[in-house]
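Working notes, beginning with the structure itself.
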Amino acid sequence: MNDTTGVFHRTTPQLPSNPMLHTFLLDENNEVLVVGNPLDNEKIDRMFWRTMKEKLGTGQKEKAND
């Protein structure tokens, strides 16, 4: 969805202006795990997938390889 009229932006002025900070991964308790867009940043992409594997219980082997 695109905020073409700017309503969302006007009603949430506390959002950071840096678009990289508009994307984040939440855990099951709505706690932020990773901030940043994995499509725009290779390091964030690796962090995202490592975090997902750890949360799913499949990251123990890969963790040693990081």
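Scope of the values below: all heavy atoms of this structure, side chains included, with no hydrogens, waters or symmetry mates.
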(message) Looking at every non-hydrogen atom in both residues, tell me the closest pair between Leu26 and Leu33 and how far apart they are.
(response) C-CD1, 4.2 Å
(request) With sequence neighbours left out, write down each residue that passes side chain to side chain contact (heavy atoms under 4.5 Å, CB included) with Thr12, or none if nothing qualifies. (result) Phe8, Gln14, Leu15
(request) To the nearest 0.5 angstrom, please state how far the CZ atom of Phe24 sits from the CG atom of Asn30. (result) 9.5 Å
(request) For Leu39, check side chain to side chain contact (heavy atoms under 4.5 Å, CB included) against everything at least two apart and list the hits. (result) Asn37
(request) Find the distance between CZ (Arg50) and CG (Asp45) and round it off to the nearest 0.5 Å. (result) 10.5 Å
(message) Give me each pair satisfying salt bridge (Lys or Arg N to Asp or Glu O under 4.0 Å) with a member in residues 32-42, each pair once, sequence neighbours excluded.
(response) Glu42-Arg46
(message) Give me the atom names and distance for the closest heavy-atom approach of Thr23 to Pro38.
(response) CG2-CD, 4.4 Å
(request) Tell me, please, which residues at least two apart from Val7 pass side chain to side chain contact (heavy atoms under 4.5 Å, CB included). (result) Asp3, Thr5, Arg10, Thr11
(message) Enumerate the salt bridge (Lys or Arg N to Asp or Glu O under 4.0 Å) contacts for residues 12-28, please, sequence neighbours excluded, ordered by first and then second residue.
(response) Glu28-Lys55
(request) Taking the side chain as every heavy atom from C-beta outward, state whether Leu25 and Phe48 have any pair of such atoms under 4.5 Å apart. (result) yes
